[in-house]
Amino acid sequence: MLRTHQAGILRAGDIGTTVTLTGWVDRRRDHGGVAFLDLRDSSGIVQVVVRDEEVAHPLRSEFVLQVTGEISARPEGNANPNLGTGEIEVIANEVLVLNESAPLPFQVSTAIDAQVTVGEEVRLAHRYLDLRRPGPASAIRLRSQVNRAARTVLDEAGFVEIETPTLTRSTPEGARDFVVPARLAPGSWYALPQSPQLFKQLLMVAGMERYYQIARCYRDEDFRADRQPEFTQLDVEMSFVDQDDVIALAEQILISLWKLIGYEITAPIPRMTYADAMRRYGTDKPDLRFGLELVELTDYFADTPFRVFQAPYVGAVVMPGGGSQPRRQFDAWQEWAKQRGAKGLAYVTVAEDGELGGPVAKNLSEAERAGLVEAVGAQPGDCVFFAAGKQSESRALLGAARLEIGRRQELIDESAWSFVWVVDAPLFKPTGEDDDVAVGGGAWTAVHHAFTSPTPEWIDTFESDPGSALAYAYDIVCNGNEIGGGSIRIHRKDVQQRVFEVMGIGQEEAEEKFGFLLEAFSYGAPPHGGIAFGWDRIVALLSRADSIRDVIAFPKSGGGYDPLTGAPAPISPQQRKEAGVDAKPEPKGEAQAPAPAQ
RNA sequence: GGCCCCGUAGCUCAGUUGGUUAGAGCGCCGCCCUGUCACGGCGGAGGCCGCCGGUUCAAGUCCGGUCGGGGUCGCCA
């Protein structure tokens, strides 16, 4: 080793020791006759005193040094309480420049971090400099701990870590695939997996019984703060289990993860049905850090004279203290609602004397006005927002309004952790956006994915009422974020075929797309199920990061662009030719992709 | 694909009703400085105001388009 100690761990107890340190010049304070260097390595910072002006003068920020010297107590009154090493300093008797540094695109030293935030674009373009800073670095280090903690739980529970292919076959449904040309089969393409879903099920057929993988997944979709084209899941699958077994294991994992940041999750984590979540919070991922539940008023307004409320669903959410908002603020709420595709957001204010105000109030009947405050649970000074129309759309709007109210009124305890399992989701949803599609129209698609089993109660009867059939699936939600989800899978070929039928996937199509899986299932597939955790999102939550970009070593920016490498980039004509990108598939007939190996 | 916000020095930003030579802090370069820790002092360099077009006597500023970034809705089984 080029060093004997790490800089950041030196303490008063080390006084008198001669050490050799290596690291970067964080800052330099040159007084002519004496110079102070803040030497930084991964453990922290220590002050180095250089008395030789010739040595100290040419040093610059981020030069890489090897310093040998004696640990010494700082002179009386010169301690720095902001540094762990603030009691001591290293009196250098040898300073070797291991490498120089060009002037920096941004300041790496975080001494002034509180005042200046560097833009994300430039940080990502020089991510290797960004990661020298303790804040960004700590997120990446936490991620390593998170991986280790999960592996420990799973290893102790007898799981086998198995890698699955990243060059695989494009499967229908779901997100857009990233595709890779196959040089040896021009015109044919691999797809990068959206998740290891099919492989992990095959591993259950293979008798591995307990599988996990920290798996990279790829989806060619548009961006969000919490979405990257490549992202990571902790992927888990188990044989001979039911829902409670998977949930119990998942809770063990979550407990060990949150323990890393000193939070104790109390198990069992509460469960809520999907129907309840939608009814009370207007979303399948409710943020339970605050109350403010939606109030269903369809019956209350059953005979209303107000046309807008003559709708299949009427609901409301209360904004505490919202009654005193100025008119333009309410106009802003209308705009907010319109941006989410709603016609508007009706509201009623409740004055301190209980009098109702706002443009909607006068449209209500006497009786409706009289009972409204009690019906919605409002207080004087509040306002009540209403949504009326289709149930799903109205609830979604109210659910979004609830979150917005929570944020604006600071009802959310940002230090809280609130976990909930959302269970009993529907198995199917109507295809297309219109949820009024008549049952029996035949157009159903899987809510989760095509291999999710119906719950035991529905397994024999789901065809009779696909819209009501429940899936044997579960999502784990933390502070309004879905951080994982899974299901018990279908392991019987006949059930699988019936599910395909409801979804309108014919036998031929099923054979072509999932033939290898269906065949595997014909050889004694064990009952199995599993879960996948959104690893980036979990680490982002644990590190209190705003974006998953903060917990990915080299994230992409908008448009899938990597500001560091410049990927994606054009390829040469030679590469195009070799890769077979431009190969024209032969017309139909035998040109079909070869059947999976039998 | 729709909508919103942002593009001015290496970084973070200011820039008046359109009006002389576009500023500040930090950083950078040079000199000075023996107890600093966001050290300090003196001096200096550094700008296609994202790009293209328009309006105007005159555009960083107004208008249209475009590119890039961020957010959001659609989308993401």
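Note that the structure is predicted; figures quoted are calculated from it, not measured.
- A:L398 has its side chain within reach of A:Y313: a pair of non-hydrogen atoms, C-beta onward, lies under 4.5 Å apart.
- Base pairing of B:rC42: its partner is B:rG30, meeting the Watson-Crick or G-U wobble criterion (both donor-acceptor distances under 3.5 Å).
- Summarising the geometry, the separation between CG on A:L192 and P on B:rC76 is reported as 19 Å, rounded to the nearest angstrom.
- Pairing for B:rG64 goes to B:rC52, judged as Watson-Crick or G-U wobble with the two contacts each under 3.5 Å.
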Close N/O contacts between protein and nucleotides 69-73 of chain B (under 3.5 Å):
from, atom 1, to, atom 2, distance (Å)
B:rG69, OP1, A:G558, O, 3.1
B:rG70, OP1, A:G558, N, 3.2
B:rG70, OP2, A:G558, N, 2.9
B:rG70, O3', A:R549, NH2, 3.3
B:rG71, OP1, A:R549, NH1, 3.4
B:rG71, OP1, A:R549, NH2, 3.1

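- If you check B:rC11, B:rU36, B:rC28 against the side chain of A:P103, the one that comes closest is B:rC28.
- Nucleotide B:rC28 holds its C1' atom 16 Å from the CG atom of A:L59, rounded to whole Å.
- Using a 4.0 Å heavy-atom distance criterion, A:A125 is classed as making no nucleic acid contact.
- As a whole-Å value, the separation of A:F178 CZ from B:rC76 P is 15 Å.
- Applying the side-chain contact (heavy atoms from CB on, under 4.5 Å) criterion to A:D220, with sequence neighbours excluded, gives A:R176, A:F178.
- A:E404 meets the side chain to side chain donor-acceptor pair (under 3.5 Å) test with A:R407, A:R408; sequence neighbours excluded.
- Going from the C1' atom of B:rC6 to that of B:rC49 covers 14 Å, rounded to whole Å.
- Here, B:rG43 and B:rC57 have their P atoms 44 Å apart, quoted to the whole Å.
- Between A:K338 atom NZ and B:rC4 atom P the separation is 14 Å, expressed in whole Å.
- B:rG60 and B:rA45 have their C1' atoms separated by 23 Å, given to the nearest Å.
- Between the P atoms of B:rC63 and B:rG7, the separation comes to 14 Å (whole Å).
- Across the strands present, B:rG25 finds its partner in B:rC11; the criterion is a Watson-Crick or G-U wobble pair with both atom distances under 3.5 angstrom.
- Set against B:rC76, B:rG35, B:rA38, the side chain of A:N82 has B:rA38 as its closest nucleotide.
- Counting any heavy atom pair closer than 4.0 Å across all strands shown, A:P105 reaches sugar-phosphate atoms only and no base atom.
- With salt bridges taken as basic N to acidic carboxylate O contacts below 4.0 Å, none links A:R224 and A:D226.
- A donor N or O paired with an acceptor N or O is found under 3.5 Å between the base of B:rC37 and the side-chain atoms of A:R74.
- Pairing of B:rG47, defined by two Watson-Crick or G-U wobble distances under 3.5 Å, is not identified with any nucleotide.
- Checked against side-chain contact (heavy atoms from CB on, under 4.5 Å), A:N78 has the following partners two or more places apart in sequence or in another chain: A:R74, A:P75.
- Nucleic acid contact for A:G119: sugar-phosphate only, since backbone atoms but no base atoms lie under 4.0 Å from a heavy atom of the residue.
- No contact: A:E335 has no heavy atom under 4.0 Å from any strand.
- Between A:W333 and A:W336, the angle of the ring planes goes over 60°, which puts this pair in the perpendicular group of the 30/60° scheme.
- Look at A:H57 and you'll find a side-chain N or O under 4.0 angstrom from OP1 or OP2 of B:rC31.
- Closest to the side chain of A:F106, from the set B:rG35, B:rC11, B:rC75, is B:rC11.
- Comparing the C1' positions of B:rU34 and B:rA9 gives an interatomic distance of 35 Å, to the nearest angstrom.
- Note on residues 34-64 of chain A: pairs passing ring pair (Phe, Tyr, Trp, His ring centres under 6.0 Å), not counting sequence neighbours, are A:H31-A:F36.
- Toward the 5' end of RNA chain B, the nearer of the two residues A:R60 and A:P75, judged by each one's closest nucleotide, is A:R60.
- Of the P atoms belonging to B:rC26 and B:rG44, the separation is 16 Å, rounded to the nearest Å.
- No N or O donor and acceptor, one from the side chain of A:E76 and one from the base of B:rG35, sit under 3.5 Å apart.
- The side-chain contact (heavy atoms from CB on, under 4.5 Å) test applied to A:W24 returns A:R40, A:E62, A:V64, A:R132, not counting sequence neighbours.
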Close N or O pairs between protein and nucleotides 39-41 of chain B (under 3.5 Å):
from, atom 1, to, atom 2, distance (Å)
B:rC39, OP1, A:R27, NE, 2.9
B:rC39, OP1, A:R27, NH2, 3.3
B:rC39, OP2, A:R27, NE, 3.1
B:rC39, OP2, A:R29, NH1, 3.1
B:rC39, N4, A:D30, O, 2.4

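- Atom P of nucleotide B:rG27 and atom CG of A:D26 are separated by 13 Å, given to the nearest angstrom.
- For B:rU34, its base never sits under 3.5 Å from the side chain of A:E53 at any donor and acceptor pair.
- Classified by interplanar angle (parallel below 30°, tilted 30° to 60°, perpendicular above 60°), the ring pair A:F500/A:F514 is parallel.
- By the salt bridge (Lys or Arg N to Asp or Glu O under 4.0 Å) test, A:E94 pairs with no residue at all, sequence neighbours left out.
- The distance from atom CD of A:E54 to atom P of B:rC32 is 11 Å, rounded to the nearest whole Å.
- Judged as a salt bridge (Lys or Arg N to Asp or Glu O under 4.0 Å), and not counting sequence neighbours, A:R11 has no contacts.
- For the C1' atom pair drawn from B:rU16 and B:rC62, the interatomic distance equals 15 Å after rounding to whole Å.
- Distance check on atom C1': B:rC29 versus B:rA14 gives 25 Å, rounded to whole Å.
- Using cut-offs of 30° and 60° on the angle between ring planes, the pair A:Y128 and A:H126 is perpendicular.
- The distance between atom CZ of A:R51 and atom P of B:rC33, rounded to the nearest whole Å, is 16 Å.
- Per the geometry, CD1 belonging to A:I548 stands 12 Å off C1' belonging to B:rC76, to the nearest Å.
- Nearest to the side chain of A:N78, among B:rG35, B:rG27, B:rC11, sits B:rG35.
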